[in-house]
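Following: one structure in structure tokens, then a few remarks.
Note that the structure is predicted; figures quoted are calculated from it, not measured. Counting from 1, the numbers follow the sequence of the chain as shown.
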Amino acid sequence: MRKGLLLVVVLFQITSCTSVKTYNEQITKLHTVEDLHNDVDKLYSQLQKHHPKLYQYISEEDLKFKFDSLKQAIKTPMNSRVFYKNLAPIVKNVRQGHVSVGSATKRFKNKELKKLRKNRFEFYKLDFEFLDDKLWVKANRGKDSTLVGCEVVSIDDEPAKDLVETFKTRFASDGYNATMYNSTVSRAFTSLYYKEKGFVDSLKITFKNKDSLFTKTLKRIVKKETKTKIPKDSLKKETPKKLTSVEKKKQKIAKKKRRKDNRKYGYIASRKYYTRNFDFIGKDSSVAYMKIRGFDNGNYKKFYKESFAKMDALKTKNFILDLRDNGGGRIAEIDKLYSYLTDEKYQFILESEVNSRTSFFKMIMSNTTPNSLKVIGGIFSPFIFTHNILHTKKKDGKLYYKFKESKTRKPDELNYKGKMYVLINGSSFSASSLISTHLKGTNRATFVGEETGGAYNGCVAGIYKIYRLPNSKLRIRMGLMQIEAPYKQKPDGYGIKPDVEIVPTIKDRRLDRDPELNWVLEDIGKL
């Protein structure tokens with residue numbers, strides 16, 4: 001039995017190593033013009049087949065022309081990364097933020113990954129922000145704090161502003177709004193650089209601090225051991241302190257509480273902060289502040305119940321909901337949050353337009369899904385098909401899927417009735433835009449900041465199909481369901497616009513000033 005298991009493990013490792021090698025060869029070789037044309041056709045075909053709102057922001061004639069023009073422009077062989085640079089700007093024309101093309105990035109064998117994990121790339125520790133038409137270092141999670149507040153002039157002799165403008169052509173916002181581009185480049189600059197350039201060991205970056213220029217090479221460095229090693233020849237041998245039963249019990253209780261808090265607040269280990277935060281501003285409890293970075297992790301039900309119970313008990317008069325840089329997440333969570341923000345019955349989303357009665361099965365059986373999951377999907381296919389058919393209906397020649405959030409729902413008993421403000425920016429997207437649509441459509445809150453990157457009239461998301469192109473191996477991600485609130489605005493294709501428009505400047509950052517929050521506090525009379 002053991003020999004059989006060992007053989008399986010060895011065969012798996014050999015297969016894994018072989019597939020890594022084959023994949024890397026595939027993405028680095030030059031693909032023929034015919035193969036690249038075939039990938040373009042496959043991608044367009046997948047979008048036509050699965051995306052229910054493909055022509056919402058561009059006509060069928062214009063989009064077809066874009067894809068045909070790309071094929072005509074491809075006259076020489078190219079590798080997968082170069083193909084990505086040509087393909088992504090075309091897909092951007094769909095103007096649907098949830099449709100994206102992944103770059104071709106190198107894969108590593110297990111031994112290589114273990115070695116890489118022992119290092120940290122100094123570049124990835126930097127957080128950037130594009131303000132006043134320049135790229136700045138917003139924070140450094142590494143040790144060199146002197147870089148914070150410096151302007152990035154160039155990276156490997158390529159002007160930072162040119163890189164920013166290039167990266168903006170690789171993704172789309174919802175519709176025609178432009179606020180998402182600066183926000184997304186700011187938030188995801190390092191990952192966009194990796195997609196564009198691939199794996200590198202070092203980068204030469206030119207910074208500007210006031211009027212002086214300086215260059216620094218950021219490298220992959222070995223992580224330092226955190227454990228203190230005792231010299232072998234040390235005469236003094238430290239023995240661990242023996243805990244009493246009471247101390248052990250306290251330690252156990254503290255660990256259990258920490259685990260519960262991490263789930264409730266959605267702890268993000270890589271950033272060492274929580275997804276959900278709640279507190280009161282000032283000495284009294286008249287102003288509550290809730291910062292939500294995303295709707296995608298942790299036990300949100302306890303968090304909202306506890307937060308609004310506190311506000312109810314303390315008779316809080318003003319509530320600030322901060323959705324800046326919130327990229328979205330679960331519909332169930334924003335529905336739960338909204339139930340605390342209304343005192344009337346409501347329908348959170350309309351029935352979702354889809355292109356197939358079996359959207360969930362299309363998602364599971366995509367060519368990027370591991371075979372093991374496909375087997376499981378096959379086993380449960382009768383249940384999946386039944387579920388899809390029972391929840392999907394045809395109306396006016398179109399198919400619609402009914403989420404439970406499509407039903408009329410009651411507000412929570414602890415619903416907040418006081419004055420409300422919502423902070424938004426270009427990175428307020430997807431689910432954060434959806435709940436903002438409700439709050440804007442019902443005149444429930446005053447919005448402060450800049451137009452959201454997500455559209456007021458909804459987006460195509462819900463569940464996703466990720467399809468791998470046969471030759472270049474690039475991946476295309478697309479939503480399969482139109483998700484929208486009952487409220488609409490004209491013209492279509494724009495986000496939730498603020499009642500008070502405020503865009504931060506580099507001066508605000510240097511003074512550690514939050515202009516959007518400060519405006520709200522001044523309006524309340526707390527600043």
Legend entry - Asp284 CG to Lys317 NZ distance, which is reported to the nearest 0.5 Å: 8.5 Å

Inset, instruction - Over all heavy atoms of both residues, which pair between Phe348 and Pro486 is shortest? Give the atoms and the distance, please. - result: O-CD, 3.7 Å

Inset, instruction - Indicate yes or no: at least one non-hydrogen side-chain atom of Val287 is less than 4.5 angstrom from one of Ile320. - result: yes

Legend entry - Test of ring centre spacing under 6.0 Å for Tyr456 and Tyr487: no

Inset, instruction - Verify side-chain contact (heavy atoms from CB on, under 4.5 Å) between Phe167 and Thr184, making sure each step is shown before the conclusion. - result: CA-CA 10 Å; Phe167 295 164; Thr184 298; over 6 Å; no

Inset, instruction - Kindly say whether Leu423 contributes a backbone atom to a donor-acceptor pair with the side chain of Glu516 at under 3.5 angstrom? - result: no

Legend entry - Ser427 side chain vs Asp325 backbone, donor-acceptor pair below 3.5 Å: no

Legend entry - From CA spacing to verdict: salt bridge (Lys or Arg N to Asp or Glu O under 4.0 Å), Glu413, Lys305: CA-CA 10 Å; Glu413 292 178 356; Lys305 185 175 182 180; over 6 Å; no

Inset, instruction - Output yes when Glu306 and Lys264 qualify as a salt bridge under the 4.0 Å nitrogen-oxygen rule, no when they do not. - result: yes

Legend entry - Tyr289 and Phe280 aromatic centres sub-6.0 Å: no

Inset, instruction - Any side-chain hydrogen bond (donor to acceptor under 3.5 Å, both in side chains) involving residues 433-448? Give me the pairs, sequence neighbours left out, ordered by first then second residue. - result: Lys440-Asp499

Legend entry - Separation of Thr190 OG1 from Asp127 CG (nearest 0.5 Å): 7.5 Å

Inset, instruction - Run the numbers on Glu351 and Lys393 for salt bridge (Lys or Arg N to Asp or Glu O under 4.0 Å), then give the verdict. - result: CA-CA 10 Å; Glu351 293 175 347; Lys393 66 179 182 181; 3.3 Å; yes

Legend entry - Criterion side-chain hydrogen bond (donor to acceptor under 3.5 Å, both in side chains) against Asp261, the qualifying member of Arg263, Arg259, Lys257: Lys257

Legend entry - Partners meeting ring pair (Phe, Tyr, Trp, His ring centres under 6.0 Å) with Tyr274 (sequence neighbours left out): Tyr265, Tyr267

Legend entry - Closest contact, heavy atoms only, Thr368 versus Tyr467: CG2-C, 4.0 Å

Inset, instruction - Report yes or no: does Asn140 contribute a side-chain atom to a donor-acceptor pair with the main-chain N or O of Asp144 at less than 3.5 Å? - result: yes

Inset, instruction - Drop me the distance from Asn93's CG to Ile58's CD1, to the nearest 0.5 angstrom. - result: 5.0 Å

Inset, instruction - Would you name the heavy atoms of Asn355 and His51 that are closest together and state the gap between them? - result: ND2-O, 3.3 Å

Inset, instruction - Answer yes if the side chains of His98 and Ser430 hold a donor-acceptor pair under 3.5 Å, and no otherwise. - result: yes

Inset, instruction - Measure the spacing between CG of Asn425 and CZ of Arg187 and express it to the nearest 0.5 Å. - result: 9.0 Å

Inset, instruction - Check step by step if side chain to side chain donor-acceptor pair (under 3.5 Å) holds for Asn388 and Thr358. - result: CA-CA 6 Å; Asn388 277 199; Thr358 56; 5.2 Å; no

Legend entry - Stepwise side chain to side chain donor-acceptor pair (under 3.5 Å) check, Gln56 with Asp492: CA-CA 9 Å; Gln56 184 172 4; Asp492 189 13; 3.0 Å; yes

Legend entry - Asn209 vs Ser212, side chain to side chain donor-acceptor pair (under 3.5 Å): CA-CA, chis, key distance, verdict: CA-CA 5 Å; Asn209 186 10; Ser212 78; 5.4 Å; no

Legend entry - Residue list, ring pair (Phe, Tyr, Trp, His ring centres under 6.0 Å) with Tyr124, at least two apart or on another chain: Phe121

Legend entry - Test side-chain contact (heavy atoms from CB on, under 4.5 Å) applied to Arg293 and Arg271, step by step: CA-CA 12 Å; Arg293 292 186 168 91; Arg271 295 280 174 169; over 6 Å; no

Inset, instruction - For Ile502 and Val448, run side-chain contact (heavy atoms from CB on, under 4.5 Å): C-alpha distance rounded to whole Å, both residues' side-chain angles, the deciding distance at 0.1 Å, then the answer. - result: CA-CA 7 Å; Ile502 299 175; Val448 181; 3.8 Å; yes

Inset, instruction - Could you tell me whether Glu484 and Lys488 make a salt bridge, using a distance below 4.0 angstrom between a side-chain N and a carboxylate O? - result: yes

Legend entry - Stepwise ring-ring contact (aromatic ring centres under 6.0 Å, His included) check, Phe123 with Tyr193: CA-CA 10 Å; Phe123 178 62; Tyr193 191 91; 5.5 Å; yes

Legend entry - CZ-OG distance between Arg324 and Ser183, expressed to the nearest 0.5 angstrom: 11.0 Å

Inset, instruction - Please identify each residue that fulfils ring pair (Phe, Tyr, Trp, His ring centres under 6.0 Å) with Phe319, with sequence neighbours left out. - result: Phe308, Tyr416

Legend entry - Closest approach of Asp296 to Glu333 (non-hydrogen atoms, all atoms of both residues): N-OE1, 4.0 Å

Legend entry - Step-by-step ring-ring contact (aromatic ring centres under 6.0 Å, His included) determination, Tyr176 to Tyr57: CA-CA 8 Å; Tyr176 311 106; Tyr57 303 120; 5.6 Å; yes

Inset, instruction - Heavy atoms only: give me the nearest Lys497-Tyr494 pair and the separation to one decimal. - result: CE-CB, 4.2 Å

Legend entry - Exam field: side chain Asn182 to backbone Thr179, donor-acceptor pair closer than 3.5 Å: no

Inset, instruction - Verify, without hydrogens or angle tests, whether Thr392 (side chain) and Ile389 (backbone) share a donor-acceptor contact under 3.5 angstrom. - result: no

Legend entry - Donor-acceptor pair, side chain of Ser432 and main chain of Asn326, under 3.5 angstrom: yes

Inset, instruction - Might you work through the side-chain contact (heavy atoms from CB on, under 4.5 Å) test for Met478 and Leu480, ending with a clear yes or no? - result: CA-CA 6 Å; Met478 67 195 85; Leu480 301 180; 4.2 Å; yes

Inset, instruction - Quick one: pull up NZ in Lys252 and NZ in Lys256 and give me the separation to the nearest 0.5 Å. - result: 8.0 Å

Legend entry - Non-hydrogen atoms of Gly102 and Leu474 that approach each other most closely: O-CD2, 3.5 Å

Legend entry - Those residues that, when tested against Tyr273, pass ring pair (Phe, Tyr, Trp, His ring centres under 6.0 Å) (two or more places apart): none

Tell me which donor-acceptor pairs under 3.5 Å the side chains of residues 396-407 have, and how far apart each pair is, sequence neighbours excluded?
residue, atom, partner, partner atom, Å
Tyr401, OH, His387, NE2, 3.4
Ser406, OG, Phe403, N, 3.4
Ser406, OG, Phe403, O, 3.2

Legend entry - Salt-bridge criterion met for Lys161 and Asp133 (N-O under 4.0 Å): yes

Inset, instruction - Spell out, as yes or no, whether a donor-acceptor pair under 3.5 Å connects the side chain of Ser173 to the backbone of Asn177. - result: yes

Inset, instruction - Using modelled atom types only, decide if a donor and an acceptor are shared between the side chain of Glu450 and the backbone of Gly426 within a distance under 3.5 Å. - result: yes

Inset, instruction - State whether the number of non-hydrogen atoms from other residues, nucleotides or ligands found under 6.0 Å of Lys49 atom NZ is greater than 12. - result: no

Inset, instruction - Look at the side chain of Ser366 and the backbone N and O of Met363, then say whether any donor-acceptor pair between them is shorter than 3.5 Å. - result: no

Legend entry - Asp508 side-chain N/O to Asp514 backbone N/O, donor-acceptor pair under 3.5 Å: no

